[in-house]
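Letters A, B, ... mirror the listed sequences (proteins, then strands); counts begin at 1.
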Number of protein chains: 2
Amino acid sequence: MDDLSNFQWFSQKVTLSRQDICRDVYKHHRKAIKIKKEKTLVRNLMRIFDAALKISNERGFQAMTMRSLSRETGMSMGGLYAYFSGKEDLLEMLLRTGRITIKQILEEQVNQATDPESKLRSAIRAHLFLSEVMQPWFYFSYMEARRLGYAEKKKSMTAEIETEKLFARIIEEGMNRGVFVVRDSLLTASVIKAMVQDWYVKRWKYAKRKVSVDRYASFVVECVESFCLHMGDKK
Amino acid sequence: MDDLSNFQWFSQKVTLSRQDICRDVYKHHRKAIKIKKEKTLVRNLMRIFDAALKISNERGFQAMTMRSLSRETGMSMGGLYAYFSGKEDLLEMLLRTGRITIKQILEEQVNQATDPESKLRSAIRAHLFLSEVMQPWFYFSYMEARRLGYAEKKKSMTAEIETEKLFARIIEEGMNRGVFVVRDSLLTASVIKAMVQDWYVKRWKYAKRKVSVDRYASFVVECVESFCLHMGDKK
DNA sequence: GTCTATACACAGATAGAC
DNA sequence: GTCTATCTGTGTATAGAC
């Protein structure tokens, strides 16, 4: 799929799914949400999410006060509590929406390719482009996940393991078919994930060096293929 | 150097340098520290540092209250303020001690090897073993660095860039000598760093899978060499 | 050198007017 | 549906006893 070579496609997908997400949030947090008109809910919830991500990614979620959220959204503190029952609740919403979006979009991408080589390439590129479009969310989730309550922590650990398994399965398939060198597939998946994560965690670094997603993606693919195929030359 | 194959050597080094570190801390924070006896200072400062790292790595530095630090150290809140003038000050001390220890120890390791291949191997292993011994500090520094004041943030960014340049220089030397494939040396250094960081950031994952430092180090070296030398087979 | 008690600031959350 | 005003809990920091 040619669209994978840039992230426009992902960007559209993410924007379009915003309505669905809000409906889902409403379903799961009905008790807490006092807003009845869907249009108002969608508009303000998005404002709140964007503001919360912005503030949290600068100083941390715990350091984000309701007052600063009020300032950033332009809504009053009292008004904010019509959209969630408390900070914990907001956190849960934020994490949930991200997980759902990612799942929806990645599922559309899965198994578009057939051979292990192009599957691996697609998986790496898809992850990178998605994390580029939703960078604030990925960064937030990465940084805050491990300091949450037990339940949320577990969820994010499971998500991490699942992503790795996705890569590991592709690699194992390649090994079984004899196109990839036989090595520890889980460790290989881990280092791939580490490289993908570096893109959204250290974005300031790559921005400063003017490295684009496309270039980074190509580099990671080259690196992984060289390891899996033991080819040093460009393909 | 054979000692590099396990991290006992690093462990000893770190323990031995504790006294020096305290002397350095005392020098830079003289105004804030009200303790006169060196023995008391060293003992309690270490208690405080260990406790602060433990709490912060669970819930974040910002979420660590003086009350929780008091509980963890067994010291009273009033007593704690004899060792630093406030949370910000404690933070600065913590980061400083880590940077100094790392610098001292890594400098001893630099240029033990001569050819680019073994230099690269040594650099990777040294970083991994050091981060293993000082895991709480590395994790802390990684997680808290980006939400500090401007000055401290700058310092930790510089440290990150410097580490990358260390790797990049070795790789460039290898390219110039014709033993490494010519590629983007900075991007190569970045992905190496990403793999090394994954070790101390995702330690829970590797612990669960019973992957040892030694095994992880060997794997990363294999991965990097395969990319730089375009050899897929074991060396 | 270490403790207890407390000052003071600011956080999250809500009630009730509009 | 949104605002202002305010309650209550908890945070950092210090003064002064031991």
Side-chain angles (χ1 to χ4, degrees), chain A residues 22 25-26 29-49 51-52 55-56 58-94 144 147-149 152, chain B residues 22 25-26 29-52 55-56 58-94 144 147-149:
Chain A
C22 281
V25 167
Y26 186 65
H29 296 259
R30 202 166 303 182
K31 300 142 273 176
I33 297 175
K34 296 177 194 74
I35 308 298
K36 296 296 162 205
K37 273 204 297 191
E38 184 169 319
K39 210 176 161 187
T40 315
L41 183 68
V42 174
R43 177 168 41 86
N44 283 339
L45 217 45
M46 285 308 153
R47 262 211 289 176
I48 294 169
F49 284 173
I55 303 168
S56 298
E58 276 166 15
R59 301 246 165 258
F61 180 77
Q62 145 89 23
M64 180 191 77
T65 68
M66 292 304 290
R67 282 169 176 78
S68 65
L69 189 61
S70 156
R71 210 180 310 123
E72 183 74 27
T73 53
M75 297 164 77
S76 72
M77 274 177 62
L80 286 172
Y81 280 93
Y83 294 84
F84 47 81
S85 66
K87 260 181 99 178
E88 282 304 301
D89 199 39
L90 173 59
L91 182 70
E92 210 185 307
M93 280 184 191
L94 249 177
E144 305 297 337
R147 43 190 64 155
L148 308 172
E152 289 292 324
Chain B
C22 282
V25 167
Y26 186 63
H29 296 257
R30 203 166 303 182
K31 301 142 274 178
I33 297 174
K34 297 178 193 72
I35 308 299
K36 297 295 164 204
K37 274 203 295 190
E38 184 170 319
K39 210 177 159 186
T40 315
L41 183 68
V42 173
R43 176 169 41 83
N44 284 339
L45 217 44
M46 286 305 152
R47 259 211 291 176
I48 293 169
F49 284 173
D50 289 343
I55 303 168
S56 298
E58 276 165 16
R59 301 248 164 255
F61 181 77
Q62 145 89 21
M64 179 192 77
T65 67
M66 292 304 289
R67 282 171 179 53
S68 65
L69 189 61
S70 154
R71 212 180 308 124
E72 183 74 28
T73 54
M75 296 163 78
S76 73
M77 277 179 59
L80 286 173
Y81 281 92
Y83 293 84
F84 47 80
S85 66
K87 259 181 99 179
E88 282 303 302
D89 198 39
L90 172 60
L91 182 71
E92 210 185 307
M93 279 184 191
L94 250 177
E144 305 296 337
R147 43 191 63 157
L148 308 172

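- Contact between Ala32(A) and Asp89(A) at its shortest, heavy atoms only, is CB-OD2, 3.4 Å.
- Annotation: proximity of residues 79-93 of chain B to DNA chain C (heavy atom, distance under 4.0 Å) is found for Gly79(B), Tyr83(B), numbered in ascending order.
- Considering every non-hydrogen atom in both Met64(B) and Ser56(B), the closest pair reads SD-OG, 3.8 Å.
- Each of Lys34(B) and Gly78(B) was assigned the nucleotide of DNA chain C with the nearest heavy atom; the assignment lying further toward the 5' end belongs to Lys34(B).
- Here the range on DNA chain D touched by chain A, meaning any atom under 4.0 Å from one of its heavy atoms, is dG1(D) to dT4(D).
- Only Lys37(B), Thr40(B), Asn44(B), listed by number, bring a heavy atom of residues 37-48 of chain B to less than 4.0 angstrom from any atom of DNA chain C.
- Residues from residues 59-73 of chain B placing a heavy atom under 4.0 Å of any atom in DNA chain D, listed by number, are Met64(B), Thr65(B), Met66(B), Arg67(B).
- Here the straight-line distance linking atom OG of Ser76(B) with atom CE of Met66(B) works out to 9.5 Å at 0.5 Å rounding.
- Contact between Tyr26(B) and Lys36(B) at its shortest, heavy atoms only, is OH-NZ, 4.2 Å.
- To the nearest 0.5 Å, atom CG of residue Leu91(B) and atom CZ of residue Phe84(B) are 11.0 Å apart.
- Nearest approach of Lys87(A) to Gln62(A), heavy atoms of both residues: NZ-O, 3.2 Å.
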Salt bridge (charged side-chain N to carboxylate O under 4.0 Å, His left out) between Arg59(B) and Glu144(B), worked out: CA-CA 11 Å; Arg59(B) 301 248 164 255; Glu144(B) 305 296 337; over 6 Å; no
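- With sequence neighbours excluded, the residues that form a side-chain contact (heavy atoms from CB on, under 4.5 Å) with Arg71(A) are Ser68(A).
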Would you list the atom pairs, donor with acceptor, under 3.5 Å between side chains in residues 39-52 of chain B and any protein atom, with sequence neighbours excluded?
{"from": "Asn44(B)", "atom 1": "OD1", "to": "Arg47(B)", "atom 2": "NE", "distance (Å)": "3.3"}
{"from": "Asn44(B)", "atom 1": "OD1", "to": "Arg47(B)", "atom 2": "NH2", "distance (Å)": "2.9"}
{"from": "Asn44(B)", "atom 1": "ND2", "to": "Tyr83(B)", "atom 2": "OH", "distance (Å)": "2.6"}
{"from": "Arg47(B)", "atom 1": "NH1", "to": "Thr73(B)", "atom 2": "O", "distance (Å)": "2.6"}

